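Before any comments, here is the structure.
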Amino acid sequence: GESVGLHLPTLSVQEGDNSIINCAYSNSASDYFIWYKQESGKGPQFIIDIRSNMDKRQGQRVTVLLNKTVKHLSLQIAATQPGDSAVYFCAENTGGYNKLIFGAGTRLAVHP
Amino acid sequence: DGGITQSPKYLFRKEGQNVTLSCEQNLNHDAMYWYRQDPGQGLRLIYYSQIVNDFQKGDIAEGYSVSREKKESFPLTVTSAQKNPTAFYLCASADLAIGTDTQYFGPGTRLTVL
């Protein structure tokens with residue numbers, strides 16, 4: 001399949017470990033944030049979202065943390081599995097017309 | 001079976017030709033979007049539409065055109081004026097009525113200029 005991120009930062013983890021993927025966002029006025037997962041040659045898949053009035057939100061095996069003071073977003077994946085291997089993007093809504101600004105992405109490589 | 005479909009999956013174009021990428025959704029979403037993705041970069045917005053018969057330029061609209069004649073369809077034409085069209089193109093849609101900003105993506109079309 002196609003590679004969507006030839007020169008992306010890569011996080012390598014062992015299967016079963018927890019993964020933390022970080023994202024610095026640009027606009028202090030952004031009020032909504034999304035994490036997407038993109039497998040090679042496929043479209044991004046929604047994972048989890050969070051609004052700016054929250055600092056933590058949990059899903060199934062995933063947790064998103066938001067630190068507005070330093071404009072930082074993180075995605076935590078518990079008990080990482082080989083199927084979690086993909087490129088992960090954060091996106092922020094800077095307001096108006098549902099326009100999202102995407103980060104460059106981080107590649108997660110899970111090793112057995 | 002609901003979702004967003006894009007066709008074709010792979011598309012090859014000769015220099016100087018216009019090509020049209022298809023995007024269809026049966027989610028009854030109001031808004032639709034086109035993005036371009038290049039290796040090592042995030043998604044960049046080409047065009048978006050919030051309602052039928054209306055659309056707005058995104059950050060990199062030059063060399064592209066769109067139409068929104070039906071709610072479920074938002075085709076993108078890559079014209080010969082686009083100097084570097086080889087890329088992965090992604091279509092997305094969002095339901096503005098429910099008050100969330102989540103965009104859902106199609107599987108993408110990879111365009112290669114020969």
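All figures in this text were calculated on a predicted structure; none of them were measured in a lab. Each chain gets a letter, A, B and so on, in the order the sequences are listed, and its residues count up from 1.
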**Over all atoms of both residues, closest heavy-atom pair of B:F88 and A:K42** = CE2-O, 3.7 Å

**Asked** If you take all heavy atoms of A:I34 and B:T102, which pair is closest and at what distance?
**Response** CD1-CA, 3.9 Å

**Request:** For residues A:F89 and B:Q37, report the shortest heavy-atom separation together with the two atoms involved.
**Result:** CZ-NE2, 3.2 Å

**Message:** Heavy-atom count check: over 12 atoms from other residues, nucleotides or ligands less than 6.0 Å from B:E62 CD?
**Reply:** no

**Prompt:** Relative to chain A, which segment of B:L43 carries a heavy atom at a distance below 4.5 Å: side chain, backbone, both, or neither?
**Reply:** both

**Request:** For atom NZ of A:K68, decide whether the heavy atoms of other residues, nucleotides or ligands shown that lie under 6.0 angstrom number more than 12.
**Result:** yes

**Asked** Taking the inter-plane angle between the rings of A:F102 and B:Y35 on a 0 to 90° scale, is it parallel (under 30°), tilted (30 to 60°) or perpendicular (over 60°)?
**Response** perpendicular

**Message:** My understanding is that only residues two or more places apart in sequence, or in another chain, count here; which of them pass salt bridge (Lys or Arg N to Asp or Glu O under 4.0 Å) with B:D30?
**Reply:** B:K71

**Prompt:** Can A:L8 be reached from A:L108 by stepping across I, L, V, M, F, W or Y side chains whose heavy atoms are under 4.5 Å apart?
**Reply:** no

**Message:** If you count heavy atoms of other groups shown closer than 6.0 angstrom to CD of A:Q14, is the number above 12?
**Reply:** yes

